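Inspection log for the structure reproduced underneath, given as structure tokens.
Fair warning: this is a prediction, and the values are worked out from it, not measured in the lab.
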Amino acid sequence: MRNTNRVVAMLLAGGQGSRLKAMTKDQAKPAVPFGGKYRIIDFALSNSTNSDVRDIGILTQYKPFLLNEHLGIGAAWDYNRNYGGLRILSPYSTEEGGKWYEGTANAIYENMDYLERLGPDYVLILSGDHIYKMNYNELLKYHKKKGADVTIAVMEVPWEEASRFGIVNVDEEDKIVEFDEKPENPKNNMASMGIYMFNWPTLRQALIEDNENTESNHDFGMNVLPKLLNDGHPMFVWKFDGYWKDVGTVRSYWEANLDLLSDENDLDVYDKSWRIYTRGLNLPPHYIAEDAVVRDAMVNEACEIYGKVNHSVLFSGVIVEEGASVTNSVLLPNCHIRKNATINNAVVMDGIVIEEDEQIGVGEEGNVYLVSDQGINIE
């Protein structure tokens, strides 16, 4: 018997993330490591798995090799299935030649044959570059209850930051009455999270019409959603109350990683009822020497700690030598901190060696340092 609640997720994972600077020089933003052992995309993927979304298409574009290698056949998220599962959807050649996706809506339009073959009732549009936990079943339940054609997940942001977001204005029943893209004087502080639940027939027709519009930017927020509203489709917001962060800058990335160390952080990666899954690396356990000092830190596989680590997140294979000190920092895989070096308020990229007696961030309040093979960038 056909499942009348079939949801197909389409996860947009092709973003360059240029504000992360050297961190996205060789990889797409969703592939950037996060939280000691994960990658950013793991959160949306794990939400989908935990929400029993059977089919998910991953739309890649910018430097996808490391992302594709990480995804594999989706086994880490239980998507290596005979029926359903994970599919990587890359730009491809047409009769007019090869081309990049021209916008978020165009990326979905170019893969409508994938959706047609699956025949969903609902299509869930996701972004692969946000850190959060969300039960998409709750979004679907609300979408059906409201009789919506489109439901947009929103959350309250600080008023002083509202002008940086797409703001959704609603009536007393949370029905959308207006979109306000990065308004100078916002009417409320409910920001779109870039998570949309569509009835498939509504989305299909909207994408066809948008593709025929030569003046469109082929973007959901700028074009598709406002037109659906103007055409009278019932559209509602679903208010999300939880941890959500767009790690779009080096500072926000650094903050989000260190948030994991807070007792008050809602993003509990130790929650057994809502696991965050990732591809395992098969590494040996970490080692902490007898004279080492480790406080309030995440120390992952294959690390060797002989010095001091305080309030920091260390990815796999990091070495901190005797006399070295690491504080308020995020060290990506295979960093080597030599004797008597001091690191403070930094993000240190994969494989970087901090030389003996070198000091980074010492005595400089408020700055965040990105250390890469291109040098040191100060945020």
Side-chain angles (χ1 to χ4, degrees), residues 17 19-27 29-43 66 70 129-132 243 245-262 265 267-270 276 278 281 283 286 288 292-305 307-321 324-338 341-354 358-362 364-379:
R19 291 181 298 161
L20 286 173
K21 300 183 169 61
M23 300 183 73
T24 53
K25 179 173 67 76
D26 298 317
Q27 61 190 345
K29 181 179 172 184
V32 170
F34 181 85
K37 65 177 298 180
Y38 308 105
R39 292 182 184 265
I40 292 173
I41 197 172
D42 290 340
F43 289 82
L66 289 175
H70 177 68
D129 51 11
H130 298 147
I131 305 298
Y132 68 109
Y243 185 95
K245 196 143 191 170
D246 178 359
V247 286
T249 65
V250 173
R251 179 177 290 276
S252 64
Y253 174 85
W254 171 78
E255 290 173 347
N257 273 276
L258 295 186
D259 279 348
L260 296 175
L261 302 173
S262 171
N265 179 30
L267 189 77
D268 182 7
V269 295
Y270 299 98
I276 304 301
T278 192
L281 297 178
L283 296 173
H286 67 264
I288 298 177
V293 178
V294 179
R295 297 192 182 96
D296 190 26
M298 286 182 170
V299 179
N300 281 276
E301 298 168 309
C303 288
E304 299 177 39
I305 311 300
K308 297 180 180 180
V309 177
N310 181 48
H311 195 68
S312 296
V313 175
L314 275 58
F315 285 75
S316 59
V318 171
I319 299 174
V320 179
E321 292 190 4
S325 175
V326 177
T327 305
N328 293 333
S329 294
V330 181
L331 274 54
L332 273 65
N334 304 312
C335 295
H336 193 146
I337 315 301
R338 296 197 186 278
T342 303
I343 311 295
N344 190 45
N345 288 11
V347 176
V348 183
M349 290 280 292
D350 311 43
I352 294 296
V353 176
I354 305 299
E358 187 174 352
Q359 295 188 346
I360 296 172
V362 180
E364 295 290 338
E365 295 296 329
N367 290 333
V368 176
Y369 299 81
L370 176 62
V371 186
S372 70
D373 58 8
Q374 299 178 359
I376 299 177
N377 185 276
I378 302 175
E379 288 274 311

Query - Val371 side chain near Ile360 side chain, heavy-atom distance below 4.5 Å - result: yes

Query raised in the report: Taking C-beta and beyond as the side chain, do Asn377 and Val250 meet within less than 4.5 Å on heavy atoms?
Result: no

Report summary line: Rounded to the nearest 0.5 Å, the CD atom of Glu255 sits from the OG1 atom of Thr249 at a distance of 7.0 Å

Query raised in the report: Could you give the distance from CD (Gln359) to OG1 (Thr342), rounded to the nearest 0.5 Å?
Result: 5.0 Å

Query raised in the report: Do Phe34 and Thr278 come close enough that some side-chain heavy atom pair is under 4.5 Å?
Result: no

Query raised in the report: For Ala324 and Ile337, which heavy atoms make the closest approach, and how far apart are they?
Result: CB-CG2, 3.9 Å

Query raised in the report: Backbone N or O of Asn328 within a donor-acceptor pair of the Trp254 side chain at under 3.5 Å?
Result: yes

Requested in this report: Examine distances only and state if a side-chain atom of Ser262 and a backbone atom of Leu260 form a donor-acceptor pair shorter than 3.5 Å.
Outcome: no

Query raised in the report: Is there a donor-acceptor pair closer than 3.5 Å between any side-chain N or O of Ser372 and the backbone N or O of Ala22?
Result: no

Report summary line: Only residue of Asn367, Thr327, Val326, Asn310 satisfying side chain to side chain contact (heavy atoms under 4.5 Å, CB included) with Asn344 is Thr327

Requested in this report: Test side-chain contact (heavy atoms from CB on, under 4.5 Å) on Lys25 and Gln374 and set out the steps.
Outcome: CA-CA 10 Å; Lys25 179 173 67 76; Gln374 299 178 359; 2.6 Å; yes

Query - Rounded distance (nearest 0.5 Å) linking atom CG of Leu331 with atom CG of Asn300 - result: 11.5 Å

Query - Over all atoms of both residues, closest heavy-atom pair of Ser252 and Asp246 - result: OG-O, 3.6 Å

Query raised in the report: Can you check side-chain contact (heavy atoms from CB on, under 4.5 Å) on Tyr243 and Asp259, steps first, answer last?
Result: CA-CA 10 Å; Tyr243 185 95; Asp259 279 348; 2.7 Å; yes

Query raised in the report: Does any non-hydrogen side-chain atom of Ile40 lie less than 4.5 Å from one of Ile131?
Result: yes

Requested in this report: State, yes or no, whether a side-chain contact exists between Leu314 and Val320 at a heavy-atom distance under 4.5 Å.
Outcome: yes

**Report entry** Over all atoms of both residues, closest heavy-atom pair of Gly366 and Asn345
**Finding:** N-ND2, 4.5 Å

Requested in this report: Evaluate the side-chain proximity of Val347 to Glu379: yes if any heavy-atom separation is below 4.5 Å, no if none is.
Outcome: no

Query raised in the report: To the nearest 0.5 Å, how far apart are NE2 in His311 and CG in Asp296?
Result: 5.5 Å

Query - Residue pair Arg39 / Gln27, side-chain heavy-atom distance below 4.5 Å - result: yes

Query raised in the report: For the residue pair Cys335 and Met349, what are the closest heavy atoms and their distance?
Result: SG-O, 3.1 Å

Query raised in the report: Say you draw a straight line from CD1 of Ile376 to OH of Tyr369; how long is it, rounded to the nearest 0.5 Å?
Result: 8.5 Å

Requested in this report: Start with the C-alpha gap between Lys308 and Arg295, add the side-chain angles, then the distance that decides, and say whether side-chain contact (heavy atoms from CB on, under 4.5 Å) holds.
Outcome: CA-CA 8 Å; Lys308 297 180 180 180; Arg295 297 192 182 96; over 6 Å; no

Requested in this report: Over all heavy atoms of both residues, which pair between Val299 and Ile305 is shortest? Give the atoms and the distance, please.
Outcome: CG1-CG1, 4.1 Å

Query - Euclidean distance, Phe315 CZ relative to Met298 CE, rounded to 0.5 Å - result: 10.0 Å

Report summary line: In short, Ala297 meets Val309 closest at the heavy-atom pair CB-CG1, 3.9 Å

Query - pair Leu267-Phe43: side-chain heavy atoms closer than 4.5 Å - result: yes

Query - Electrostatic pair Asp42-Lys37, nearest N-O below 4.0 angstrom - result: no

